[in-house]
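For reference, the structure is listed below as structure tokens.
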Amino acid sequence: MKNRRKFIKLSAAMGAGAFLPLQFCSPKKESDTLSEAVLSASTGILDNFGLQLYSVKENMAEDPVATIKAVAGYGYTQIEGFDGGKGIFWGMKNTEFKSLTDDLGLSFIASHANTYENLEKQAEEAAAIGMKYLINPWVGPQKSMDDFKRINDDFNKQGEICKQYGIKFAYHNHGYTFVDLDGQIPHEYLLENTDPELVEFEMDTYWVYTAGKDPVEYIKKYPNRFTLGHVKDKSGDLEFSEPNGSTIIGTGIMDFPTILRAGMDNGMKYFIVEQERFEGTTPMEAAEKNAAFMKSLVF
């Protein structure tokens, strides 16, 4: 990415100051990339990587146990959960869910959750089975920086509650926190004003890119704040500003060897695959192909 960091202006819909690396104009062919991934599967250096189960949400809704078993068979060693309407343990007790994942060799490291409701109970149950994080995945676009300042205070308080129960709190970004608001970048405000002892961040690399920003620059500027990362590639076949434009990792326009190398060098500990768009494939097929890419990744 360093050698290719020339920029052209994005469309007006992206807003002033947004730029796009020229590398985005020539995405790899899916067949070529996947063949390379399979051939070099023994050369990867990531011993552990996870899947955000939202990537296979329809399968989870139908049969969570069978879905998680399949995910383990693809080579994932970690999972990150979400609340699909039955709680983050999918209708099971926390200890039952842990037994399932333990038997499959999976670490249930974190879950997206509504941290504004029943946080004490969620934190207690999550910590009891050795989970590392509860993650707030969404606060939505705000009208002013005063709103984000209140959210900043909320995050510090939620981080304190999580800490009391022996688990960490983190915030997962979308694109809206990287868009200028009242002359500030909200995400920078949150990074600089939340307590590092109480609040960590999960960088969704896709959303940082889609907002016209460089994930590597943010990772390096704020070392040890982005302790988790979503590995989600961006299709080069759609308009850059298209919000739902994810694709199989390695077939899009994002330079993950560079991004993840920067992450590893600056405190990122967990690398979580996520995909939300499935053109010409299914969520489970995509999850399997993404695992093959992650196993082969060298950086």
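Note that the coordinates shown come from a computational prediction; the quantities given were computed from them, not determined experimentally.
- What you find for Asn290 and Ile249 is that their closest heavy atoms are OD1-N, 2.8 Å.
- Looking at Met60 and Ile68, their side chains come closer than 4.5 Å, going by heavy atoms from C-beta outward.
- Between His172 and His174, the ring planes are perpendicular. Angles over 60° get that label, and only those under 30° would be called parallel.
- None of Phe148, Tyr222, Phe178 except one satisfies the ring pair (Phe, Tyr, Trp, His ring centres under 6.0 Å) rule with His187; the exception is Phe178.
- To the nearest 0.5 angstrom, Thr115 atom OG1 is 9.0 Å from Ile161 atom CD1.
- Looking at Tyr165 and Leu119, their side chains never come closer than 4.5 Å, going by heavy atoms from C-beta outward.
- When side chains are defined from C-beta on, Ile272 counts as touching Glu202, because their heavy atoms get closer than 4.5 Å.
- Contact check for Glu160 versus Asp195: no side-chain heavy atoms found under the 4.5 Å cut-off.
- Rounding to the nearest 0.5 angstrom, the gap separating the CG atom in Asp182 from the CG atom in Asp146 is 7.5 Å.
- Just one of Asp102, Thr101, Asn94, Thr95 meets the side-chain hydrogen bond (donor to acceptor under 3.5 Å, both in side chains) condition when paired with Lys98; it is Asp102.
- A 4.5 Å side-chain heavy-atom check between Thr210 and Pro243 finds every atom pair outside the cut-off.
- Linking Ile, Leu, Val, Met, Phe, Trp and Tyr residues whenever their side-chain heavy atoms come within less than 4.5 Å leaves Val179 and Trp207 in two separate clusters.
- With rounding to the nearest 0.5 Å, the separation of CG in Asn152 from NZ in Lys157 is 11.0 Å.
- Asn173 places no side-chain N or O within 3.5 Å of a backbone atom of Gly175 that could act as its donor or acceptor partner.
- A donor-acceptor contact shorter than 3.5 Å is absent between the side chain of Glu125 and the backbone of Ala127.
- Taking 4.0 Å as the cut-off between side-chain N and carboxylate O, Arg150 and Asp147 count as a salt-bridged pair.
- Here the side chains of Lys168 and Cys162 are not in contact, with every heavy-atom distance at 4.5 Å or above.
- Asp83 contributes no side-chain N or O that, together with a main-chain N or O of Ala113, makes up a donor-acceptor pair within less than 3.5 Å.
- Ring planes of His112 and His230: parallel class, angle under 30° (limits at 30 and 60°).
- Between Ile185 atom CD1 and Leu191 atom CG the span is 11.5 Å, to the nearest 0.5 Å.
- Ile135 and Met268 are not part of a single hydrophobic cluster, where members link through side-chain heavy atoms under 4.5 Å apart.
- The nearest pair of heavy atoms linking Leu181 to Lys143 is CD1-O, 3.8 Å.
- A pairwise comparison of heavy atoms in Asn136 and Val139 identifies OD1-CG1, 3.8 Å as the closest pair.
- Residues forming a side-chain hydrogen bond (donor to acceptor under 3.5 Å, both in side chains) with Thr227 (at least two apart in sequence, or on another chain): Tyr133, Glu200.
- For the residue pair Thr77 and Asn48, a side-chain donor N or O sits within less than 3.5 Å of a side-chain acceptor on the partner.
- Residues Tyr116 and Asp154 have side chains that bring a donor and an acceptor to within less than 3.5 angstrom of each other.
- Side chain of Lys220 to backbone of Asn266: no donor-acceptor contact under 3.5 angstrom is found.
- Listed for the Ser235 side chain is no donor-acceptor partner under 3.5 Å among the backbone atoms of Thr247.
- Within a 6.0 Å sphere centred on CD of Glu120, other residues, nucleotides and ligands contribute more than 12 heavy atoms.
- Under a 3.5 Å cut-off, the side chain of Arg225 and the backbone N or O of Gly267 do not form any donor-acceptor pair.
- For Pro283 against Asn59, the heavy-atom pair with the smallest separation is CB-OD1, 4.0 Å.
- You'll find the side chain of Ile88 reaches within 4.5 Å of the side chain of Leu134, heavy atoms only.
- For the side-chain hydrogen bond (donor to acceptor under 3.5 Å, both in side chains) criterion with Gln52, the lone passing option out of Glu274, Lys232, Glu80, Lys57 is Glu80.
- Ring pair Tyr218/Phe226: centre-to-centre distance not below 6.0 Å.
- A search for ring pair (Phe, Tyr, Trp, His ring centres under 6.0 Å) contacts involving Phe82 returns Tyr54, Trp90, not counting sequence neighbours.
- For the pair Val231/Phe49, no side-chain contact is recorded, criterion being any heavy-atom separation below 4.5 Å from C-beta on.
- Between the side chain of Lys295 and the main chain of Tyr74, a donor-acceptor pair closer than 3.5 Å is present.
- The local environment of CD in Glu192 is crowded, with over 12 non-hydrogen atoms from other residues, nucleotides or ligands closer than 6.0 Å.
- The backbone N or O of Phe278 lies less than 3.5 Å from no partner atom in the side chain of Thr282, so there is not a single donor-acceptor pair.
- In this structure, a donor-acceptor pair under 3.5 Å is absent between the side chains of Gln142 and Tyr176.
- At distances below 3.5 Å, at least one donor-acceptor pair connects side-chain atoms of Tyr206 with backbone N or O atoms of Gly245.
- Ring pair Phe201/Tyr171 is perpendicular by interplanar angle, where above 60° counts as perpendicular and below 30° as parallel.
- Of the inter-residue distances, the one linking Thr281 atom OG1 with Gln275 atom CD reads 7.5 Å to the nearest 0.5 angstrom.
- At least one test fails for Lys163 against the ring of Phe169: distance under 6.0 Å to the centre or angle within 45° of the axis.
- Annotation: the span from Lys69 atom NZ to Leu106 atom CG amounts to 12.0 Å, rounded to 0.5 Å.
- Between the side chain of Ser246 and the main chain of Arg277, a donor-acceptor pair closer than 3.5 Å is present.
- Listed here is the closest heavy atom pair of Tyr209 and Ile253: CE2-O, 4.3 Å.
- Across all their heavy atoms, Gly250 and Asp233 have their closest contact at N-OD2, 2.9 Å.
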